[in-house]
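Heads up, the thing below is written out as C-alpha cells.
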Amino acid sequence: MAVSTIYSTQALNSTHFLTSSPSSSTSKQVFFYRRHQSQTNRRFNTIITCAAQQTVVIGLAADSGCGKSTFMRRLTSVFGGAAEPPKGGNPDSNTLISDMTTVICLDDYHSLDRTGRKEKGVTALDPRANDFDLMYEQVKALKSGIAVEKPIYNHVTGLLDAPELIQPPKILVIEGLHPMFDERVRELLDFSIYLDISNEVKFAWKIQRDMAERGHSLESIKASIEARKPDFDAFIDPQKQYADAVIEVLPTQLIPDDNEGKVLRVRLIMKEGVKYFSPVYLFDEGSTISWIPCGRKLTCSYPGIKFNYEPDTYFDHEVSVLEMDGQFDRLDELIYVESHLSNLSSKFYGEVTQQMLKHADFPGSNNGTGLFQTIVGLKIRDLYEQLIANKATAPAEAAKA
Ligand SMILES: Nc1ncnc2c1ncn2[C@@H]1O[C@H](COP(=O)(O)OP(=O)(O)OP(=O)(O)O)[C@@H](O)[C@H]1O
Ligand SMILES: O=C(CO)[C@H](O)[C@H](O)COP(=O)(O)O
C-alpha cells in the first residue's frame with residue numbers, strides 16, 4: 001500500500017512515526033505506525049482500522065496452571081459463541097476469538113525466549129523477561145479501536161514467532177502473569193480479576209495436569225513450583241491488591257487436616273465502589289451471614305457445604321466477601337443456592353445454574369471455583385453493557401449541556 005503522508009507526533013513517543021494512506025474502498029483511513037525498535041529489537045506495526053469503536057478491556061491475572069483458560073471458557077460462553085484461535089493463523093497462537101471477545105495471552109509479550117531466559121538466568125515471571133512498553137502500546141491501541149500486530153510466544157518451541165494481526169474487539173481480555181504489573185497497562189483496565197490459588201491447591205492441580213497429561217514426574221513438578229516461588233511472590237502475587245475481584249482458592253475447613261486438595265474453600269472478594277460493578281450478596285446486603293444450605297432442598301454428602309458472606313477490608317479497600325466451602329452433589333439443585341443470592345446481574349432467574357450445567361464437565365463445576373467464575377462472567381457482561389450504554393448517552397448529554 002502506498003504511503004501518502006508521514007507525521008511525526010508528540011502523542012506517540014519520539015521513537016515512532018505515523019503514516020497514513022486513504023483506503024480505496026471506504027472513506028475510512030488506514031494508518032500505520034511503526035516502532036523503530038522495541039526493547040528486543042523486534043518490529044511491530046499498529047494498524048488503525050476504525051477509530052470510532054472503543055474496546056472494553058478486562059485483565060485476568062494468575063500463575064500458570066491456575067485455571068485462567070477454564071475461566072476464559074466460562075466467560076466467553078456468557079457472551080455466546082465459541083472462542084477459537086485466529087482462522088488460518090499460526091496453529092500455536094495463544095489467542096482466542098469469539099463474536100464479542102478476544103482473549104490475548106500476555107505470554108506473547110515475553111521479550112526473552114526460552115533459551116534467552118536460560119542464558120540470562122531469569123524466569124518468565126521476571127519483568128526483565130517481558131516487554132511492558134509494547135504491551136502498553138498495543139493494549140492502548142486496541143482499546144482505542146486500533147488493530148495491532150502482536151507477537152506470539154510459542155509454548156511448543158519456546159521461541160518468539162512472527163506476529164499475528166489482532167483487530168480491536170468489543171471486549172478484550174488480557175490474561176496471564178502480569179496484566180496489573182505495569183501501572184500504564186493497569187490504568188487501561190476497565191475491570192480486573194486475580195485468581196489466587198493457595199500453594200497446596202496449586203500443587204494438587206499441577207500434579208493432576210502435569211503428571212497425568214504431560215508425563216512430568218512428581219519431583220520435577222515440585223522443583224518447578226519451588227523455582228518459580230521467589231519471582232511469583234515478588235512480581236505476580238502483589239498484583240492482587242489492584243484487582244476489582246479476587247477468587248481465592250484454599251483447602252477446605254470442613255475436613256480436619258485435609259491434604260487431598262479435592263474439596264475446596266473458595267472466596268470471592270469483591271471491591272466496593274467500583275464503577276459499573278456492584279458486589280453479589282447473600283440474603284441481606286452488608287450483613288454477616290453463615291449458611292449451611294444442605295437439607296431438604298440441597299443434597300449434600302460428606303463433608304457438606306457451607307456459605308459465608310461478610311463485609312471486610314482487603315489491602316485497605318472495603319470489600320464484600322462471599323465464601324463457599326464444600327462441593328455440590330447435584331448441579332441441577334444449584335438453583336436453590338442461586339435463589340438466595342442477589343445482585344447476580346443475570347438476565348433471567350436460573351441463568352447461573354444454566355451456565356454451570358452447560359459446562360458441567362469443566363474443572364471446578366461442582367464447587368465455588370466454577371460458581372464464582374460464572375458469577376464474575378455475568379458481572380463482566382453487565383459492566384460491558386453499562387459502559388456501552390453510558391457511552392451511547394454521553395454525547396447526547398454533552399450536547400445538551
Ligand atoms: N476449578 C478447578 N478445579 C479443579 N482443577 C482445576 C480447576 N481449574 C483448573 N484446574 C486444573 O488446573 C489445570 C490448569 O487449568 P487451566 O488450563 O485452566 O489453567 P491456566 O492458568 O490456563 O494454565 P496455563 O497458564 O499453564 O495454560 C487443569 O487442567 C485442571 O487440572
Ligand atoms: O509462566 C508461564 C506462563 O504461562 C510460562 O512458564 C511461561 O510463559 C514460559 O513458557 P514455557 O514454559 O512454555 O517456556
Side-chain angles (χ1 to χ4, degrees), residues 60-76 83 92-96 103-119 122-127 129-131 151-161 173-179 181 193-198 200-214 216 220-221 223-225 227-229 231-232 235-237 247-252 260-268 324 326-328 356 359-374 376:
L60 173 67
D63 197 3
S64 154
C66 286
K68 295 183 300 289
S69 314
T70 310
F71 187 9
M72 282 305 103
R73 287 194 289 160
R74 287 192 200 277
L75 175 69
T76 48
D92 295 327
S93 165
N94 301 307
T95 303
L96 286 174
V103 181
I104 61 173
C105 173
L106 296 179
D107 294 349
D108 289 336
Y109 293 100
H110 289 336
S111 51
L112 296 174
D113 63 13
R114 204 174 282 159
T115 312
R117 290 194 302 269
K118 209 167 175 191
E119 280 168 2
V122 294
T123 71
L125 301 94
D126 191 312
N130 295 279
D131 189 344
I152 297 176
Y153 177 73
N154 189 321
H155 281 280
V156 180
T157 61
L159 297 170
L160 293 155
D161 285 354
V173 185
I174 58 169
E175 62 94 352
L177 298 170
H178 305 98
F181 180 83
I193 306 130
Y194 185 92
L195 298 183
D196 189 6
I197 314 299
S198 65
E200 299 94 320
V201 176
K202 199 188 281 187
F203 188 54
W205 288 2
K206 275 259 179 204
I207 290 176
Q208 187 185 315
R209 182 180 72 174
D210 293 356
M211 274 181 85
E213 296 169 24
R214 300 186 179 178
H216 297 183
S220 75
I221 297 168
S224 130
I225 291 182
R228 290 170 71 96
K229 191 148 185 340
D231 282 354
F232 175 79
F235 308 119
I236 312 304
D237 192 61
I247 299 180
E248 209 173 74
V249 185
L250 304 150
T252 182
E260 263 198 90
K262 286 208 173 108
V263 182
L264 301 174
R265 178 164 77 101
V266 188
R267 288 158 50 87
L268 175 57
M324 174 183 162
Q327 54 194 31
F328 300 111
M356 290 282 283
H359 302 302
D361 57 331
F362 285 8
S365 287
N366 65 346
N367 63 37
T369 59
L371 176 62
F372 295 160
Q373 288 177 4
T374 302
V376 172

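Both counts, for ligands and for their atoms, begin at 1 and track the order of listing.
Listed as neighbours of ligand 1 are D63, S64, G65, C66, G67, K68, S69, T70, W205, Q208, R209, P363, G364, T369, each bearing a heavy atom under 4.0 Å from the ligand. Pocket lining of ligand 2, defined as residues with a non-hydrogen atom under 4.0 Å away: S64, D107, H110, R114, R117, A124, Y153, H155, L177, R228.
Checked against D196 for a side-chain contact (heavy atoms from CB on, under 4.5 Å), the options D237, V249, I247 give a single hit: D237.
Note that R74 lies outside the cation-pi zone of F362, set by a 6.0 Å cut-off to the ring centre and a 45° limit from the axis.
The salt bridge (Lys or Arg N to Asp or Glu O under 4.0 Å) search around K202 returns D63, not counting sequence neighbours. In this view, Q327 satisfies the side-chain hydrogen bond (donor to acceptor under 3.5 Å, both in side chains) rule with no residue, not counting sequence neighbours.
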Tell me, with the steps shown, if N130 and F181 meet side-chain contact (heavy atoms from CB on, under 4.5 Å). CA-CA 11 Å; N130 295 279; F181 180 83; over 6 Å; no
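Using a 4.5 Å heavy-atom cutoff, the side chains of K206 and S64 are in contact. Inter-residue side-chain proximity for L159 and R114 is flagged as unmet; no heavy-atom pair is nearer than 4.5 Å. Contact of the F372 side chain with the L195 side chain is not registered, since no non-hydrogen atoms from C-beta on lie closer than 4.5 Å.
N94 places a side-chain N or O within 3.5 Å of a backbone atom of Y153 that can act as its donor or acceptor partner.
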